[in-house]
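Sequence positions, counted from 1, serve as the residue numbers for this chain. Counting starts at 1 for both ligands and their atoms, following the listed order. Bear in mind the structure is a predicted one, so any value in this text is a computation, not a measurement.
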Amino acid sequence: MAISHAHATLFSRTSLFLSRNRSRSSLAFCIPFSTSAASSSLPSDKLHRNKWRSPVASVLELGGVKIGREDVMRDDPTNNVPDTIFSKLGMQLHRRDQHPIGILKNAIYEYFDTSYPNKFDKFDDLCPIVTVKQNFDDVLVPADHVSRSYNDTYYIDAQSVLRCHTSAHQAELLRRGHTHFLVTGDVYRRDSIDSTHYPVFHQMEGVRVFSPDDWEASGVDATSYAAEDLKKCLEGLANHLFGAVEMRWIDTYFPFTNPSFELEIYFQEKWLEVLGCGVTEQEILKRSGKTNNVAWAFGLGLERLAMVLFDIPDIRLFWSNDERFTSQFSKGQLGIKFKPFSKYPPCYKDISFWINESFTENNLCEVVRGIAGDLAEEVLLIDNFTNKKGMTSHCYRIAYRSMERSLTDDEINELQWNVREQVQSKLNVVLR
Ligand code: DAH
């Protein structure tokens, strides 16, 4: 299973420079991709698209806050939230006990409840709409970091975003006095399309704060004490979830921790990165009034772990309402192996165009998802060249496939026709 890239931690040095997603590594700051354009499609086009969509509620309650559609999608150039993303708000897969994501969350809770009885406060209903300050500044993400770009993050306006990681809640919970906590939630990132990437996924954040009493008797310095405790805790978690697996620690970089590590486990003959973690930057603790403490923190991606634990081959399946998927999982049953119910044939369509300076793959993928929704299985760059005049051409192969039924030629041709039209009109590229 090609899982090695499924939402690698966003802030590590490796994911910045080695990411498969060129747009993320190229520091491309694009023109905001406005939703006003996204909603200006013809009525017949809308009708057609809605055929595959479940109805979207216009008011949601998220973490006790009532959110209307107009609070998230605005006719404003600083807003880049499309319909497809609005429809995912409030789904809360992580709060469904029968869903693989909820089952995994509960299994992690069980580990913390057993290892540290009554210690960790749990939050799984915090509103995913956060300020730029919470998402980036509070966790010391540099002002010029690529993750802040409109190409990578969904902005509601210049000051608020759909959180792109659960670390967005760290500082506030520390300020409120919590010293041991787990935050689970849906996180949002503009991304490319393939079997392990989806613009909405789920993370769990863990934080533990120590006081001088904890490390003073140990004979090691505070930072080493926290780092050792962190590693022990997370190795225990990996054993709880995967049984006796081989593990290794990789030194890495995150803006919010120092030292920082990634944990990899050896699973099905591959090293798999399962989480990012480290000793919290002292500045974060200081700003929340904790000058005499040290802390550790970790963040893990639930889809990535669930795909491995439950043998789920495509990340879109997590969003499926098909009974043949949903009925295979039950509360408390971690690691039941998913049995694919059938595999319908994919259909490939190529599209070639001359790109312009603001073109990014994430923008292309947003157009494709806006039209094809979860029928888009993969968007792959298959050809790329620059001619003598300096014009660059890209050819992408789009794979359309339903997890649930066979698609007709007419249906796919219409999708592709709409993609061609919108790629031209929204991305201002010239089709070849
Ligand atoms: N927020 C990081 C990401 O999404 C994951 C992470 C890494 C969280 C290290 C942490 C941490 O709390 O200490 O890529």
Side-chain angles (χ1 to χ4, degrees), residues 5-21 24-25 94 108 112 120 123 126 128 130 132 134-142 145-149 152-154 161-174 178-191 196-210 223 226-231 233-234 237 249-264 273-285 288 294-305:
H5 291 293
H7 295 294
T9 43
L10 170 59
F11 296 96
S12 71
R13 196 161 293 185
T14 42
S15 56
L16 259 181
F17 297 113
L18 299 177
S19 165
R20 56 181 281 289
N21 185 351
R24 182 159 287 163
S25 49
H94 59 288
I108 302 175
F112 279 91
F120 278 80
F123 301 88
L126 300 178
V130 298
V132 167
Q134 287 173 301
N135 200 70
F136 298 118
D137 303 333
D138 282 358
V139 280
L140 314 178
V141 175
H145 195 278
V146 62
S147 63
R148 292 187 185 243
S149 74
D152 286 37
T153 292
Y154 289 106
V161 297
L162 296 177
R163 68 181 161 216
C164 71
H165 56 169
T166 42
S167 308
H169 300 288
Q170 266 192 26
E172 191 187 334
L173 292 170
L174 285 168
H178 296 280
T179 57
H180 297 68
F181 57 87
L182 300 172
V183 180
T184 316
D186 35 339
V187 298
Y188 297 78
R189 293 182 194 174
R190 298 188 82 230
D191 219 328
T196 61
H197 287 80
Y198 202 79
V200 191
F201 60 104
H202 296 78
Q203 283 189 332
M204 188 187 291
E205 191 86 3
V207 174
R208 177 176 187 183
V209 181
F210 298 93
T223 303
E228 253 171 58
D229 187 86
L230 170 67
K231 288 183 173 177
C233 168
L234 293 173
L237 174 62
W249 289 99
I250 312 285
D251 288 330
T252 186
Y253 162 83
F254 296 108
F256 19 90
T257 46
N258 187 14
S260 305
F261 315 103
E262 272 162 7
L263 176 61
E264 294 189 345
E273 179 205 319
V274 291
L275 55 84
C277 64
V279 178
T280 304
E281 278 287 357
Q282 213 51 40
E283 179 64 20
I284 297 177
L285 292 176
S288 55
V294 286
W296 56 237
F298 69 83
L300 55 82
L302 295 176
E303 272 79 355
R304 161 178 281 221
L305 292 178

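The ligand atoms of ligand 1 that sit less than 4.0 angstrom from a heavy atom of Gly299 are 6 (C), 8 (C), 10 (C), 12 (O). Proximity to Gln170 (heavy-atom distance under 4.0 Å) selects the following atoms of ligand 1: 12 (O). Remark: ligand 1 atoms within the under-4.0 Å shell around heavy atoms of Gly278 are 13 (O). Of all atoms in ligand 1, listed by their number and element, those nearer than 4.0 Å to a heavy atom of Phe256 are 1 (N), 2 (C), 6 (C), 7 (C), 8 (C), 9 (C), 10 (C), 11 (C). Atoms of ligand 1 found under 4.0 Å from any heavy atom of Thr257 (numbered from 1 in listed order, with element): 13 (O). When each atom of ligand 1 is checked for a heavy atom of Gln203 under 4.0 Å away, the hits are 3 (C), 4 (O). Those atoms of ligand 1 with a heavy atom of Glu205 less than 4.0 angstrom away are 8 (C), 10 (C), 12 (O).
In this structure, His180 and Phe120 have perpendicular ring planes: the angle between them is above 60°, well past the 30° mark.
When non-hydrogen atoms are compared, ligand 1 lies under 4.0 Å from the side chain of Ser167 (C-beta onward) but not from its backbone. Here Phe298 has backbone heavy atoms under 4.0 Å from ligand 1, and that is the only part of it that gets that close. Only the side chain of Arg189 comes within 4.0 Å of ligand 1, judged by heavy-atom distances.
At least one donor-acceptor pair closer than 3.5 Å links the side chain of Thr153 to the backbone N or O of Ser147.
Rounding to the nearest 0.5 angstrom, the gap separating the NE2 atom in His202 from the CG atom in Asp186 is 5.0 Å. Here Phe298 contributes atom CZ and Phe261 contributes atom CZ; the two are 15.0 Å apart, rounded to the nearest 0.5 Å. Leu275 contributes atom CG, which lies 8.5 Å from atom CD of Glu262 (distance to the nearest 0.5 angstrom).
Using a 4.0 Å heavy-atom cutoff, Glu262 is absent from the residues neighbouring ligand 1.
In terms of polar-atom proximity, Gly276 is not counted as a contact of ligand 1, lacking any N or O under 3.5 Å from an N or O of the ligand.
For Tyr188, there are no ring-ring contact (aromatic ring centres under 6.0 Å, His included) partners at least two apart in sequence or on another chain. Glu281 is linked by a side-chain contact (heavy atoms from CB on, under 4.5 Å) to Leu140, Asn258, Ile284, counting only residues two or more places apart in sequence or in another chain.
Which of Ala297, Cys164, Pro255 comes nearest to atom 13 (O) of ligand 1 through a heavy atom is settled by distance: it is Ala297.
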* Go through the steps to decide whether Phe123 and His178 satisfy the test ring pair (Phe, Tyr, Trp, His ring centres under 6.0 Å), and finish with yes or no. => CA-CA 11 Å; Phe123 301 88; His178 296 280; 5.1 Å; yes
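Counting only N and O atoms by type, the side chains of Gln134 and His169 include no donor and acceptor under 3.5 Å apart.
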